[in-house]
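Comments concern the structure below.
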Amino acid sequence: MSEKKGQWSSKLGFILASAGAAIGLGAIWKLPYVTGQSGGGAFFLIFVLFTLLIGLPMLLSEYILGRGTQSEAVTAYKKIAPTKLGWAWIGRLGVLGCFLLLTFYSVVGGWIFIYSGLGISGAVIDPATDPTELFGKVIGTPWITLVGLALFTLANVLVISLGVQNGIEKANKWMMPLLFIMFVVLVVRAVTLEGAMEGIKFFLWPNFSNITGRALLDALGQSFFGLAVGFSCLVTYSSYLKKDVSLPNSAGSVVILTVLVSFLAGLAIFPVVFAFDLEPTAGPGLLFMVLPTAFSQLPFGEVFLAMFLLLFLFATLTSSFSLYEIIVAAFMEITQKSRLLLSVLLGIIVFLAAIPAALSSSMLANVTFFEKSIFDATDFLVSNLMLPLGNLLIAIFLVHVVDKEFVKKELLMGSQLGQGYYSTYRILMLVVVPIVILVVLINMLLQY
């Protein structure tokens, strides 16, 4: 028996849920270390430009498809092109991509779960604790990573099984504002450290000498990863949206919030990195090694660190909700099974599939693909190949398959904007988006 289709209770609920889907590991965990590895300010500037010129139109595109069809990702493409069933594979690619993304995203979520527990106990910033050694122990001990993975998976299953309003929307409404408040506290402390100016300069002063084709691909992938576009997650989210909501306003709000959090993340991390002579190219562990150092300088640092880790966990969860939701919604449509049953089954499958990535720093450390660990190889496949491909296919579909009047009507419905906005959007989707994605992808492939 099929269940009644969910719906967001308000515009704010939808915006916060969309922002929650975007603001998570992409903005808070991944952007700082990728920026550090790619030279700082120039990379961040390119990321912002890609987000505005490529990410924003793609975000609007997913909103148009979802609200216009009132269907989850796979069915949305079928409804628009019923006689061209091949296009439904864009939705299926999104479901597969979300699943693969969850197999390493949940691992990091598990790390944060463990760190949240350690933060509450005060062990993370204990004077006797070396942050680098602690991070190595957490990711290098099999049972610790698997316990964290299980807890993170369970939290997702519980929220997703409750549905759109009672689960996803309620969780986002109080998690996201609290995260912003804690970020501001951390930034204020970070930028007032002695030696912080070097970190601020590294993060904000563009030095294009370090920009390579790989850095451009990383910036594009980060833009897609940060906005959660390319896998049709937001097609599913926007299918729960009422018709009187302005898509441009909603998309603009999400982009602004995402860029703002990314900016705050950089200001929270790099001043501390340089103030304490840490290495900005440290990789995925950068955040876990820098945060304890920053909070150790604050009065009641243990309390603030515990609060921030919990809120970081919440932000990570709000992003993973969107990944779970696209898969659960698609299989609810296909199988007509209950949300609860499918949520539990998906949680079990994700946990099992994520075990290799969880053990890639311990028992499976010697297993590599193209000189990358299982964790890094999955991240690269999803972020740098599947996400750009998914966005390219969505752009082609929107411009060459979907009726122009359908797109224009959905784009402008509930908005005060007119023909000029639609024309700009169409030019970006017709020319700028596909060309940039293709150029960056080709450049990357030529390097391998």
Side-chain angles (χ1 to χ4, degrees), residues 23 25-51 115 119 124-127 129-136 179-212 214-219 221-223 225-226 258-302 304-305 307-309 311-312 315:
I23 299 168
L25 290 185
I28 302 173
W29 165 70
K30 194 172 184 183
L31 182 100
Y33 87 75
V34 176
T35 301
Q37 292 176 331
S38 301
F43 178 88
F44 184 72
L45 177 61
I46 294 170
F47 157 73
V48 172
L49 290 174
F50 277 161
T51 300
Y115 263 79
V124 178
I125 57 175
D126 187 301
T129 300
D130 180 281
T132 303
E133 290 182 5
L134 178 63
F135 179 70
L179 179 71
F180 272 95
I181 294 171
M182 284 305 301
F183 243 131
V184 171
V185 172
L186 182 56
V187 168
V188 169
R189 182 59 189 129
V191 300
T192 54
L193 288 169
E194 184 178 350
M197 189 53 64
E198 285 301 311
I200 296 173
K201 182 179 178 182
F202 174 82
F203 178 52
L204 297 180
W205 186 260
N207 178 6
F208 289 94
S209 62
N210 293 318
I211 296 300
T212 62
R214 172 63 187 274
L216 290 174
L217 181 67
D218 285 342
Q222 179 61 37
S223 175
F225 192 94
T258 302
V259 171
L260 176 60
V261 169
S262 300
F263 176 73
L264 291 175
L267 285 183
I269 297 298
F270 291 111
V272 181
V273 169
F274 282 81
F276 292 94
D277 199 27
L278 301 173
E279 181 55 61
T281 60
L286 180 64
L287 190 70
F288 297 96
M289 292 182 279
V290 169
L291 276 179
T293 305
F295 278 106
S296 67
Q297 305 301 308
L298 280 172
F300 307 106
E302 298 94 337
F304 281 116
L305 177 62
M307 291 174 63
F308 184 82
L309 286 170
L311 294 169
F312 183 27

Next on the checklist: Checking the side chain of Ser38 only, and the main-chain atoms of Thr35 only, is there a donor and an acceptor separated by less than 3.5 Å?
Outcome noted: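 Checking the backbone N and O of Thr35 against the side chain of Ser38, no donor-acceptor pair under 3.5 Å is found.
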Item to check | Check: Phe208 and Ile46 side chains under 4.5 Å, non-hydrogen atoms | outcome: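 Yes; the side chains approach each other to less than 4.5 Å.
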Item to check | Side chains of Phe47 and Ser262 in contact at under 4.5 Å (non-hydrogen atoms) | outcome: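 Phe47 reaches Ser262 side chain to side chain.
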If you round to the nearest 0.5 Å, how far is [atom2] of [Y] from [atom1] of [X]?
X: Leu204; Y: Leu45; atom1: CG; atom2: CG; result: 10.0 Å
X: Leu134; Y: Ile125; atom1: CG; atom2: CD1; result: 11.5 Å
X: Phe43; Y: Gln222; atom1: CZ; atom2: CD; result: 6.0 Å
X: Ile211; Y: Asp218; atom1: CD1; atom2: CG; result: 9.5 Å

Next on the checklist: Could you go through Phe202 and Val273, starting from their C-alpha distance and side-chain angles, then the distance that decides it, and tell me whether this counts as side chain to side chain contact (heavy atoms under 4.5 Å, CB included)?
Outcome noted: CA-CA 10 Å; Phe202 174 82; Val273 169; over 6 Å; no
Item to check | Set of residues satisfying side-chain contact (heavy atoms from CB on, under 4.5 Å) with respect to Pro271, sequence neighbours excluded | outcome: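 Scan of Pro271 (side-chain contact (heavy atoms from CB on, under 4.5 Å), adjacent residues dropped) gives Ala190, Val191, Ala196, Ile200.
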Checklist entry - Could you walk me through whether Phe44 and Leu31 pass the side chain to side chain contact (heavy atoms under 4.5 Å, CB included) check? => result CA-CA 8 Å; Phe44 184 72; Leu31 182 100; 3.9 Å; yes
Next on the checklist: Once you measure the plane-to-plane angle for Phe270 and Phe203, does it fall in the parallel (<30°), tilted (30-60°) or perpendicular (>60°) bin?
Outcome noted: parallel
Checklist entry - Would you call the rings of Phe135 and Tyr115 parallel, tilted or perpendicular if under 30° counts as parallel and over 60° as perpendicular? => result tilted
Checklist entry - So Thr258 and Thr51, side chain to side chain contact (heavy atoms under 4.5 Å, CB included) or not? Walk me through it. => result CA-CA 9 Å; Thr258 302; Thr51 300; 5.6 Å; no
